[in-house]
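Just below is one structure, and these are the notes that go with it.
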Amino acid sequence: MSPLTALVPGPVCAAALGRDWPGDVDGQVRCIDEGTRSLGLAYCCAPGPDEVRDPDWVTAGLAATPGALSVLGAVAGPLSNELLSEIHRRGGKLAGSSTSQDVQGLLDDASDAAADRIQALGACGVRRIAVVEDAIVPPVDHDAAAEAHRPLLNTAAHLRINLVLVACGLDDAASLGYDCWASDRGCSPGLGYLPAEAFDSAVALERWLDRTRAAGGFEEVITAPLAGNVSPGLVRQAALALAKVVARP
């Protein structure tokens, strides 16, 4: 099996099988399970609310499927673009060396929501979760960012869930308290990272794979969240290429 963990939506799994995305829970469970295998990925990805009507039912079904791959959940981190959009919508001021009261309230809400989502995924049987931070410009200073992640880490530790931080635009992801992180600015030992733009074309993918192979030393390569129209062929190509690298003596 490839060491590639690709954060792909369920419809990409359907496209990999040449099927339409089903509307029922059982069909969605089968589609994600079989599609993930077809793509050659290391984990099934739990679907989000924008993909299915009952994401927790589908996730629980995946986790309970005999012989299925392990399920990776995904949670939007408290510094994500969702928070940044809400700050702008409400007219909040971004922090410099400190965090304004309005922004702090929104940050606390985002942190609580992420921790609640970790708990919900844990109740579905998920034992590993990617915390995704995608804000190009983090909306708060470093101390506030680290404090916002603390409830997520505490919740996961209590539930014995493994977290991996998948980040874009964070200068010092290592300082947020995670044992495992993958980002465009560096990764924890044993991890590699592929950005979404690596899957724009075969040429782009090969360029990014060359960088990953040159860095070496990875046991797993994690992608940024990929769009629903990403080419299954490119995802499969990346999985196969990385599997060959790991298989070398």
Side-chain angles (χ1 to χ4, degrees), residues 1-77 80-82 85 110 112-132 134 152 155-156 159-164 166 194 196 199-200 220-240 243:
M1 183 59 65
S2 169
L4 181 63
T5 298
L7 301 183
V8 294
V12 176
C13 294
L17 298 169
R19 302 177 190 168
D20 292 332
W21 179 236
D24 63 292
V25 170
D26 289 343
Q28 290 163 353
V29 169
R30 288 194 302 273
C31 199
I32 293 175
D33 178 28
E34 295 172 14
T36 300
R37 296 175 188 277
S38 173
L39 291 169
L41 302 179
Y43 285 85
C44 291
C45 288
D50 56 337
E51 299 170 48
V52 298
R53 181 179 301 174
D54 299 304
D56 287 351
W57 281 101
V58 177
T59 300
L62 284 168
T65 298
L69 296 172
S70 297
V71 181
L72 178 73
V75 172
S80 69
N81 279 326
E82 293 177 17
S85 297
D112 289 344
D116 288 346
R117 189 63 194 137
I118 288 173
Q119 190 166 12
L121 285 168
C124 294
V126 175
R127 309 320 304 165
R128 191 182 191 213
I129 294 174
V131 176
V132 179
D134 58 0
L152 284 67
T155 298
L159 297 174
R160 298 184 179 180
I161 291 173
N162 295 319
L163 295 184
V164 56
V166 180
L194 288 174
F199 296 87
D200 285 347
E220 179 184 17
V221 175
I222 302 177
T223 75
L226 303 181
N229 62 352
V230 69
S231 165
L234 290 178
V235 176
R236 192 178 285 114
Q237 178 183 336
L240 180 60

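Just so it is clear, the model here is predicted, and its values are computed rather than measured.
For the residue pair Ala46 and Gly73, the shortest heavy atom distance occurs at CB-CA, 4.0 Å. Ala196 and Pro225 make their closest contact through CB-O, 3.9 Å (heavy atoms, listed as atom of the first residue, atom of the second, distance). Of all the heavy atoms in Leu7 and Ala224, the pair that sits closest is CB-O, 4.0 Å. Nearest approach of Ala6 to Cys45, heavy atoms of both residues: O-SG, 3.1 Å. Val166 approaches Thr223 most closely through the heavy-atom pair CG1-O, 3.8 Å. When all heavy atoms of Leu41 and Ala239 are compared, the pair lying nearest together is CD2-CB, 4.4 Å.
One distance of note links CZ of Arg236 with CG of Leu240; it measures 10.0 Å at 0.5 Å rounding. Asp33 contributes atom CG, which lies 5.0 Å from atom SG of Cys44 (distance to the nearest 0.5 angstrom). Note that CD1 of Ile161 is 8.5 Å distant from OG1 of Thr155, once rounded to the nearest 0.5 Å. We find the CG-OG distance between Asp200 and Ser231 to be 11.0 Å, quoted to the nearest 0.5 Å. Between the OG1 atom in Thr36 and the CG atom in Leu62 there is a gap of 7.5 Å [rounded to 0.5 Å]. How far CD1 of Ile222 is from CG of Leu72: 7.5 Å, rounded to the nearest 0.5 Å.
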Return a table of donor-acceptor pairs under 3.5 angstrom between the side chains of residues 16-27 and protein atoms on other chains or two or more places apart.
unit_1 : atom_1 : unit_2 : atom_2 : d
Arg19  : NH1    : Glu34  : OE1    : 3.1
Arg19  : NH2    : Glu34  : OE1    : 2.6
Trp21  : NE1    : Glu51  : O      : 3.3
Asp24  : OD2    : Gly27  : N      : 2.7

Per-pair distances, 0.1 Å, donor-acceptor, side chain in residues 114-129, under 3.5 Å, sequence neighbours excluded:
unit_1 : atom_1 : unit_2 : atom_2 : d
Arg117 : NH1    : Asp56  : OD1    : 3.1
Arg117 : NH2    : Asp56  : OD1    : 2.8
Arg127 : NH2    : Leu159 : O      : 2.5
Arg127 : NH2    : Arg160 : O      : 3.4
Arg128 : NH1    : Tyr43  : OH     : 3.4
Arg128 : NH1    : Glu220 : OE1    : 3.3
Arg128 : NH1    : Glu220 : OE2    : 2.7
Arg128 : NH2    : Glu220 : OE1    : 2.9

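Side-chain contact between Leu4 and Leu39 is absent, with no heavy-atom pair separated by less than 4.5 Å. Residues Val52 and Val58 form a side-chain contact, since some pair of their non-hydrogen atoms from C-beta on lies under 4.5 Å apart. You'll find the side chain of Val71 reaches within 4.5 Å of the side chain of Thr59, heavy atoms only. Looking only at side-chain heavy atoms (C-beta outward), Val75 and Val132 stay at 4.5 Å or farther from each other.
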Let me see the working for Leu152 and Val131 under side-chain contact (heavy atoms from CB on, under 4.5 Å), right down to the final yes or no.
CA-CA 9 Å; Leu152 284 67; Val131 176; 3.8 Å; yes
CA sep, side-chain torsions, deciding dist, call: Trp57, Val29, side-chain contact (heavy atoms from CB on, under 4.5 Å):
CA-CA 9 Å; Trp57 281 101; Val29 169; over 6 Å; no
